[in-house]
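Have a look at the structure below, then the notes.
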Amino acid sequence: MPELPEVETTKRGIAPHLLHQTVSSVVIRQRQLRWPITPEMMTELPGQILRSVDRRGKYLILAASKNEASGIDTGKNYLLIHLGMSGSLRLVPVDSPAGKHDHVDITMTTGIALRYTDPRRFGCMLWFAGDPLLHPLLRALGPEPLSDAFAPDYLRVQAAGRKVPVKSFIMDSKVVVGVGNIYANEALFMAGIDPRRAAGRISAQRYALLTERIKEVLAGAILMGGTTLRDFTGATGQPGYFKQSLAVYGRGGHPCLRCGTNLREIRITQRSTVFCPGCQS
DNA sequence: ATGCGGACCTGTTAGC
DNA sequence: TGCTAACAGGTCCGCA
């Protein structure tokens, strides 16, 4: 379900209802996610105040700390959340009936609960202390695609000598975060690059264009509120509206919207890959 | 270091 | 209509 725009949309949706709020209770119905949820989250988080909601790649980072009357900084704890393939976070009224895959509720004293749902359980919810950016899952991540660090010459430099298909290359979170299967397909189409081409054999000029297209497609999707595939919904349950503007993803065998050639669908490292043999080389 | 394939888990859809 | 197999938005890990 979630690629970067969906995660960003989720973040924007939930943040206003969480910031500066005190957690009143945590209910864990299923702790076996990608990694088990530690019971400490349930015992330590209630009573703490949520201080920030951030995103790094497709990870959401919630910071929490106690409200110390003494003024002594007791340090922050962090909740690292990934939505995996099928996860979502929504805001629901306290005591809303929980469905089969509603694994966690974090309820605020306002009566609003942050509900984590994830049928496939590929996501995670990790409770820890210490600098979140040094966390093993975040430490080695590449730059944010919408930041200036993702510069026109960045991909060319990183790709030197690499033989993987360019599609796998831009989906590698150590290279750049947040480019999932849908947007990798779309950005390569927009840049006119064959997804099978070896990463190390693409010109600086084409990489500059690809970089621009990646930024464009992600920023556009964020503006649209995320892609709707199957059942993606934002924090309050509203659907995203980006699907209608996908040019290649999910359109294998159909005519290219630009040149009319039938789009080809292949697999690159187990992932569905759609491209136009006429427009992409 | 790089690249590949398997692993995690459930739900939906395509095909017989 | 029913059964089975393939596939789905992610990414970590172990092995060659």
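First the proteins, then the strands, lettered A, B, ... as listed; each starts at 1.
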query: Checking all strands, does A/F169 fall into the base, sugar-phosphate, or nothing category for heavy-atom contacts under 4.0 angstrom?
result: nothing

query: Looking at the side chain of A/P119, which of C/dT11, C/dC13, B/dG11 is the nearest nucleotide?
result: B/dG11

- prompt: What is the distance, rounded to the nearest whole Å, between atom CE of A/M171 and atom P of C/dG10?
  reply: 6 Å

task: Could you work out which one of C/dT11, C/dG9, C/dC12 sits closest to the side chain of A/E3?
output: C/dG9

message: What is the separation between atom CE on A/M85 and atom P on C/dC12, rounded to the nearest whole Å?
response: 14 Å

- prompt: Does any donor atom in the side chain of A/Y116 or A/D118 lie under 3.5 Å from an acceptor atom in the other side chain?
  reply: yes

query: If you check the A/L137 side chain, which of C/dA8, C/dC12, C/dG10 turns out closest?
result: C/dC12

- request: Identify, between A/S173 and A/R120, the residue whose nearest nucleotide on DNA chain C lies closer to the 5' end.
  value: A/R120

query: Are any of the side-chain nitrogens in A/K11 or A/D54 under 4.0 Å away from the carboxylate oxygens of its partner?
result: no

task: For A/K174, answer base if it contacts any base atom (sugar-phosphate contacts may also be present), sugar-phosphate if it contacts only those atoms, and nothing otherwise; contact means non-hydrogen atoms under 4.0 Å.
output: nothing

task: Could you tell me whether A/R121 contacts a base, only the sugar-phosphate backbone, or nothing, with contacts defined as non-hydrogen atoms closer than 4.0 Å?
output: sugar-phosphate

message: Less than 3.5 Å apart, any donor N or O on the side chain of A/Q21 or A/T109 sitting next to an acceptor on the other?
response: no

- prompt: With centres under 5.5 Å and planes under 30°, do A/F122 and B/dC8 count as stacked?
  reply: yes

query: Which nucleotide in the list C/dC7, C/dC12, B/dC9 gets nearest to the side chain of A/Y59?
result: C/dC12

- prompt: Nearest to the side chain of A/H82 - C/dC12, B/dT10, C/dT11?
  reply: C/dT11

query: When all nucleic acid strands are considered with a 4.0 Å heavy-atom cut-off, which category describes A/L83: base, sugar-phosphate, or nothing?
result: nothing

message: Measuring from the side chain of A/R162 (C-beta onward, heavy atoms only), which nucleotide among B/dG11, C/dC12, B/dT2 has the closest atom?
response: B/dT2

message: For a quick check of understanding: with a heavy-atom distance under 4.0 Å over all strands, which category does A/S272 fall into, base, sugar-phosphate or nothing?
response: sugar-phosphate

- request: Can you tell me the pairing partner of B/dG11 across any strand shown, Watson-Crick or G-U wobble, with both distances under 3.5 angstrom?
  value: C/dC7

P atoms of C/dA6 and B/dG6, separation to the nearest Å: 14 Å

field: Value in whole Å for how far the P atom of C/dC7 lies from OH of A/Y249
entry: 13 Å

- request: Can you figure out which of B/dC9, C/dG10, B/dG11 approaches the side chain of A/R271 most closely?
  value: C/dG10

query: Which of the following nucleotides, C/dG10, B/dG6, C/dG9, is nearest to the side chain of A/R34?
result: C/dG10

field: Flag side-chain contact, heavy atom, 4.5 Å: A/V94 against A/I112
entry: no

message: From C-beta outward on A/W35, which listed nucleotide comes closest to its side chain: C/dC13, B/dG11, B/dC4?
response: C/dC13

message: If hydrophobic clusters are built from ILVMFWY residues whose side chains come within less than 4.5 Å, do A/Y59 and A/V177 share one?
response: yes

